[in-house]
There are 2 protein chains.
Amino acid sequence: MTADPPAACCPPADDRPDLRPVEGEEADVELAALAKAIGHPARVQILRLLARRSACVCGEIVEELPLAQSTVSQHLKVLKDAGLIRGEIDGPRTCYCLEPRTIRRLKALIGGL
Amino acid sequence: MTADPPAACCPPADDRPDLRPVEGEEADVELAALAKAIGHPARVQILRLLARRSACVCGEIVEELPLAQSTVSQHLKVLKDAGLIRGEIDGPRTCYCLEPRTIRRLKALIGGL
DNA sequence: GGCAGTCATCGTAAAAATACGATATAGGCG
DNA sequence: CGCCTATATCGTATTTTTACGATGACTGCC
């Protein structure tokens with residue numbers, strides 16, 4: 001399992017545990033920020049899209065959503081700023097993929113409710 | 001464990017499974033709405049507070065948060081409209097508690113990511 | 001170098017969220 | 001009944017979000 005990553009941008013698996021607590025004021029703020037990032041149907045769709053094509057896509061996202069390219073780009077930025085996805089420039093296009101570590105963290109925080 | 005509910009307002013446990021799918025457009029909108037409701041630190045704090053005092057509280061929430069009473073009431077309304085909590089009028093005060101069914105649903109939807 | 005394609009950013013308008021004080025409502029108590 | 005307490009709602013100001021078109025930056029190709 002020391003092989004290269006399968007795609008240009010998606011990181012290899014990172015199974016290191018997250019030791020941060022799932023409660024307390026910091027966790028509250030963190031959970032609120034992550035939830036806020038997911039709190040729009042278009043962004044949920046983007047996450048699902050990236051999960052389905054386990055590899056990463058780019059402007060195909062724009063084609064899947066009934067939104068202008070600039071709007072989709074803005075939603076991608078929200079998800080990226082929240083740490084939920086990663087975007088890597090791949091030639092003329094940008095390649096997005098999930099950030100599994102943050103997804104796991106989100107599940108842990110929600111699980112703590 | 002078939003005893004009466006311990007408090008006036010909190011419903012007894014409801015273990016019926018939720019058969020709705022965790023994917024698809026409806027699930028996307030549902031997840032986005034729930035996440036949006038959680039997407040504010042004050043509301044996360046409220047949920048945690050209600051979870052800790054497994055019974056339900058009322059205006060104590062106002063004392064715990066650095067916000068005006070009307071603002072807290074507004075946050076409670078957001079959570080209630082999302083179905084995450086339940087509020088029941090108990091004499092002169094209102095008694096809030098978690099809605100475990102919706103919390104479970106949220107966990108299922110997040111788990112589907 | 002010039003051009004076409006892809007994507008991010010800017011500017012902006014409209015809508016929604018957030019917070020507060022003031023006010024209404026409703027219940028319990030003297 | 002009149003009053004106090006607890007909570008919801010209203011009105012409002014400020015900020016944030018959402019959406020779009022226009023523009024800019026960068027790449028790859030001719």
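Here is how names work: the chains are called A, B, and so on, in the same order as the sequence lines, proteins then strands, and each is numbered from 1. Since the model is a prediction, treat every value here as computed from it, not as a measurement.
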Give the table of side-chain donor-acceptor pairs shorter than 3.5 Å for residues 13-21 of chain B, with sequence neighbours excluded, one pair per line with atom names and distance.
unit_1	atom_1	unit_2	atom_2	d
B/D14	OD1	B/R16	N	3.1
B/D14	OD1	B/R16	NE	3.1
B/D14	OD2	B/R16	NH2	3.1
B/D18	OD1	B/R20	N	3.0
B/D18	OD1	B/R20	NE	3.2
B/D18	OD2	B/R20	NH2	2.9
B/R20	NH1	B/E30	OE2	3.2

Test side chain to side chain contact (heavy atoms under 4.5 Å, CB included) applied to A/L109 and B/V44, step by step: CA-CA 11 Å; A/L109 286 167; B/V44 175; over 6 Å; no
Please tell me if B/Y96 has a side-chain N or O lying less than 4.0 Å from either OP1 or OP2 of D/dA8.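 Yes, such a contact exists.
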Ignoring backbone atoms, establish whether B/T94 has a side-chain N or O less than 4.0 Å from OP1 or OP2 of D/dA8.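 Yes, B/T94 has a side-chain N/O under 4.0 Å of OP1/OP2 on D/dA8.
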Let me know the distance between [atom1] of [X] and [atom2] of [N], rounded to the nearest Å.
X: B/L79; N: D/dT7; atom1: CG; atom2: P; result: 16 Å
X: B/K77; N: C/dA17; atom1: NZ; atom2: P; result: 11 Å
X: B/L65; N: D/dT7; atom1: CG; atom2: P; result: 13 Å
X: A/I61; N: C/dT6; atom1: CD1; atom2: P; result: 14 Å

Which residues pass the side-chain contact (heavy atoms from CB on, under 4.5 Å) test with [X], sequence neighbours left out?
X: A/E25; answer: none
X: B/E64; answer: B/L49, B/R53
X: B/K77; answer: B/D81
X: A/Q45; answer: A/L65, B/D28

Kindly state which residues belonging to residues 24-32 of chain A come within less than 4.0 angstrom of DNA chain C, counting heavy atoms of the residue only, listed by number.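 Within this stretch, nothing sits under 4.0 Å of the strand.
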Each nucleotide N or O in nucleotides 25-30 of chain D that has a protein N or O under 3.5 Å away: list the pair and distance.
none

Tell me whether A/L98 shares a hydrophobic cluster with A/V57, the cluster being built from Ile, Leu, Val, Met, Phe, Trp, Tyr side chains joined at under 4.5 Å.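 Cluster IDs for A/L98 and A/V57 match.
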For residues B/Y96 and B/L76, report the shortest heavy-atom separation together with the two atoms involved.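 Of all heavy-atom pairs spanning B/Y96 and B/L76, the closest is CE1-CD1, 3.6 Å.
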Report each atom pair, protein N/O against N/O of nucleotides 18-20 of chain C, whose distance is under 3.5 angstrom.
unit_1	atom_1	unit_2	atom_2	d
C/dT18	OP2	B/R43	NH1	3.1
C/dT18	OP2	B/R43	NH2	3.3
C/dA19	OP2	B/H40	NE2	3.3
C/dA19	OP2	B/H75	NE2	2.7
C/dA19	N7	B/Q74	NE2	3.3
C/dC20	OP2	B/A68	N	3.0
C/dC20	OP2	B/T71	OG1	3.1
C/dC20	N4	B/Q74	OE1	3.4

Base-pair map of DNA chain D as dot-bracket, where | denotes pairing with a different strand and pairs are Watson-Crick or G-U under 3.5 Å: ||||||||||||||||||||||||||||||
Quick one: list whatever passes side chain to side chain donor-acceptor pair (under 3.5 Å) with B/H75, sequence neighbours left out.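 So B/H75 forms a side chain to side chain donor-acceptor pair (under 3.5 Å) with B/R43.
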